[in-house]
**Q** 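First, the structure itself, so that you have it in front of you.
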Amino acid sequence: MPELPEVETTLRGISPYLLNKHIKSVRVRQRQLRWPVPAALSKTRDLKVTALQRRGKYIVAQTPAGSIIIHLGMSGSLRIQDKPFELRKHDHVIFDLGENVFLVYHDPRRFGSILWTTEPAALHPLLSKLGPEPLSDDFNGALLFKQSRKKKVAVKHFIMNSHIVVGVGNIYASESLFHSGIRPGKAAGRVTATAYDQLADNIKTVLSESIKSGGTTLQDFVNAKGEPGYFQQTLNVYGREGKACRQCGNTIKQRTIGQRSTFYCATCQS
DNA sequence: CTAAATACCTGATGGC
DNA sequence: TGCCATCAGGTATTTA
């Protein structure tokens, strides 16, 4: 259930154990994830991880032979442990990093994926069409304004589209729209340039503040060391239906947009 | 091309 | 305690 801050938190947690280290072998207990885990991975021996990066919600581990692309889906997590046999239900893939260090991929719903490509990862079909990183200078209000003209989709749905901008998931979409005073159901094409400037700024702020807090833990998100995040304490609308708006005191509302639960304050957002 | 619906899967929760 | 319906942090793919 990770969004960008949770993926970033995970990446930072596993990086010391993975970057410039060697993957001795990969053990696949359950290959049926979103897509089957490539057989090539099970056969690999001694892959040095020369770069470890995040692209959107994808984690990319580069090696001289190719790249491993990991997505955590809705319920995925990665953790480091020192014992090879202490595996839990839904621990699907285990990377042996040598010297009793193991990276374990855990994912009850199996919406996540682990892929292997010998092409540069950026050229992979899943990554090649992604929009800009929200925390980069390539992402701004002007881009949102330009991409949204004549679009009728709800602005919340629009900013959650990874081809427009990556990494804005269901929690942070509601939160950044609240901070910007924009109703989530408003047609993307009817949001003004000024409002998009604010929205882009607020997306950046909300995501970076969440990263500072170690991400949001609603039910079960934990970092690579098994610790929760604390950003949920800062949430203004997500999951707060029926409660008082922290800004105006009116009741926070919930409705469904694009099949996803959406939260907003009808007074503060128009 | 756009927009909406569907698909994948397990587990937690609440009503009866 | 059990059973059923509903919901959950994602997103590629199919359908209209």
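Just so it is clear, the model here is predicted, and its values are computed rather than measured. Naming convention: chains lettered A, B, ... in sequence-line order (proteins, then strands); numbering from 1 in each chain.
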**Q** Report, one pair per line, the protein and nucleotides 3-5 of chain C atoms (nitrogen or oxygen only) whose separation is under 3.5 Å.
**A**
none

**Q** What is the distance from CD of Q254(A) to P of dT6(C), rounded to the nearest Å?
**A**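 Q254(A) atom CD is separated from dT6(C) atom P by 15 Å.
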
**Q** Looking at R190(A), I'd like to know if its CZ atom is crowded, meaning that more than 12 non-hydrogen atoms belonging to other residues, nucleotides or ligands lie closer than 6.0 Å.
**A**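 Check fails, neighbour count at 12 or below.
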
**Q** I'd like to know if the side chain of S176(A) and the backbone of L199(A) have a donor-acceptor N/O pair within less than 3.5 Å.
**A**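 No, because the side chain of S176(A) does not come within donor-acceptor range (under 3.5 Å) of the backbone of L199(A).
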
**Q** Grab the CD1-P distance between I257(A) and dG9(C) for me, whole Å please.
**A**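 Distance check: I257(A) CD1 to dG9(C) P gives 13 Å.
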
**Q** Please, which pairs that meet ring pair (Phe, Tyr, Trp, His ring centres under 6.0 Å) have at least one residue in residues 141-178 of chain A, sequence neighbours excluded?
**A**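 Of all non-adjacent pairs touching residues 141-178 of chain A, those that pass ring pair (Phe, Tyr, Trp, His ring centres under 6.0 Å) are Y172(A)-F231(A).
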
**Q** So, is S75(A) near the phosphate of dG9(C), with a side-chain N or O under 4.0 Å from OP1 or OP2?
**A**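 Answer no for this pair, as no side-chain N or O of S75(A) is under 4.0 Å from OP1 or OP2.
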
**Q** Determine the minimum heavy-atom distance between Y264(A) and P184(A), stating which atoms define it.
**A**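 Minimum heavy-atom contact is CB-CD, 3.6 Å.
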
**Q** Report each atom pair, protein N/O against N/O of nucleotides 11-16 of chain C, whose distance is under 3.5 angstrom.
**A**
unit_1, atom_1, unit_2, atom_2, d
dT11(C), OP1, H71(A), NE2, 2.7
dT11(C), OP2, K57(A), NZ, 2.9
dT11(C), O2, R34(A), NH1, 3.2
dT11(C), O2, R34(A), NH2, 3.4
dA12(C), OP1, Y58(A), OH, 3.0
dA12(C), O4', R34(A), NH2, 2.9

**Q** Would you measure the distance from the P atom in dC7(C) across to the matching atom in dA5(B) and give it in whole Å?
**A**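 Result for the P pair: 15 Å, nearest Å.
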
**Q** Among residues at least two apart in sequence or on other chains, which ones pass side-chain contact (heavy atoms from CB on, under 4.5 Å) with V168(A)?
**A**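 With neighbours one apart ignored, the set is I159(A), V165(A), A173(A), I203(A).
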
**Q** Under a 3.5 Å threshold, yes or no: a donor from one side chain and an acceptor from the other, between N250(A) and T267(A)?
**A**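 The answer is yes; a qualifying pair exists.
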
**Q** With a 6.0 Å cut-off (strictly less than), is the heavy-atom count around NZ of K253(A), excluding the residue itself, greater than 12?
**A**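 Not buried by this count: 12 neighbours or fewer within 6.0 Å.
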
**Q** Find the distance I159(A):CD1 to dG10(C):P and express it as a whole number of Å.
**A**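 Computing the I159(A):CD1 to dG10(C):P distance gives 12 Å.
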
**Q** Side-chain donor or acceptor of R109(A) under 3.5 Å from a matching atom on the base of dC9(B)?
**A**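 When only heavy-atom distances are counted, R109(A) does reach the base of dC9(B) through a donor-acceptor pair under 3.5 Å.
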
**Q** Scan nucleotides 1-4 of chain B against the protein and return all N/O pairs shorter than 3.5 Å with their distances rounded to 0.1 Å.
**A**
unit_1, atom_1, unit_2, atom_2, d
dA3(B), OP1, K152(A), N, 2.8

**Q** Separation of I59(A) atom CD1 from dG10(C) atom P, in whole Å?
**A**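 Taking atom P of dG10(C) as the reference, CD1 of I59(A) is at 15 Å.
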
**Q** Is F111(A) stacked on the base of dC9(B), meaning ring centres closer than 5.5 Å and planes within 30 degrees of each other?
**A**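 Answer is no, no stack.
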
**Q** Please check if any side-chain donor atom of K156(A) sits under 3.5 Å from a side-chain acceptor atom of T262(A), or the reverse.
**A**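 Yes, side-chain donor-acceptor contact under 3.5 Å.
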
**Q** Represent DNA chain B in dot-bracket notation, 5' to 3'. Only Watson-Crick or G-U wobble pairs with both distances under 3.5 Å count; pseudoknot-style crossings use [ ] and interstrand partners use |.
**A** .|||||||.|||||||

**Q** Does CZ belonging to R88(A) count more than 12 external heavy atoms closer than 6.0 Å?
**A**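 Open: at most 12 neighbouring heavy atoms sit under 6.0 Å from CZ of R88(A).
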
**Q** Could you check how far CG of D107(A) sits from C1' of dA8(C), rounded to whole Å?
**A**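 In whole Å, dA8(C) C1' lies 13 Å from D107(A) CG.
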
**Q** Could you walk me through whether H92(A) and D107(A) pass the side chain to side chain donor-acceptor pair (under 3.5 Å) check?
**A** CA-CA 7 Å; H92(A) 303 314; D107(A) 186 2; 5.7 Å; no

**Q** Apply salt bridge (charged side-chain N to carboxylate O under 4.0 Å, His left out) to the pair E133(A) and R54(A), showing each step before the final yes or no.
**A** CA-CA 10 Å; E133(A) 286 290 326; R54(A) 179 185 58 71; 2.9 Å; yes

**Q** If we take the P atom in both dC9(B) and dT14(C), what is their distance in whole Å?
**A**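 To the nearest whole Å, 16 Å.
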
**Q** What contact category does Y238(A) fall into here, base, sugar-phosphate, or nothing, at under 4.0 angstrom with non-hydrogen atoms?
**A**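 Contact class for Y238(A): sugar-phosphate only.
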
**Q** Does dG11(B) have its OP1 or OP2 closer than 4.0 Å to a side-chain nitrogen or oxygen of H90(A)?
**A**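 Checking H90(A) against dG11(B): at least one side-chain N or O falls below 4.0 Å of OP1 or OP2.
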
**Q** Examine the side chains of Q81(A) and R79(A) and answer whether a donor and an acceptor come within less than 3.5 Å of each other.
**A**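 Yes, side-chain donor-acceptor contact under 3.5 Å.
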
**Q** Scan K129(A) against the nucleic acid and name what it touches under 4.0 Å (heavy atoms): base, sugar-phosphate only, or nothing.
**A**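 The answer is nothing, as K129(A) stays clear of every strand by at least 4.0 Å.
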
**Q** Quick one: closest heavy-atom pair of D197(A) and G141(A), and the distance?
**A**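 D197(A) and G141(A) have their closest heavy atoms at OD1-CA, 3.4 Å.
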
**Q** Can D46(A) and H22(A) be counted as having a side-chain donor-acceptor contact under 3.5 angstrom?
**A**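 The answer is yes; a qualifying pair exists.
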
**Q** Rounded to the Å, how far apart are K156(A) NZ and dG10(C) C1'?
**A**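 Rounding to the nearest Å, NZ of K156(A) and C1' of dG10(C) are 12 Å apart.
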
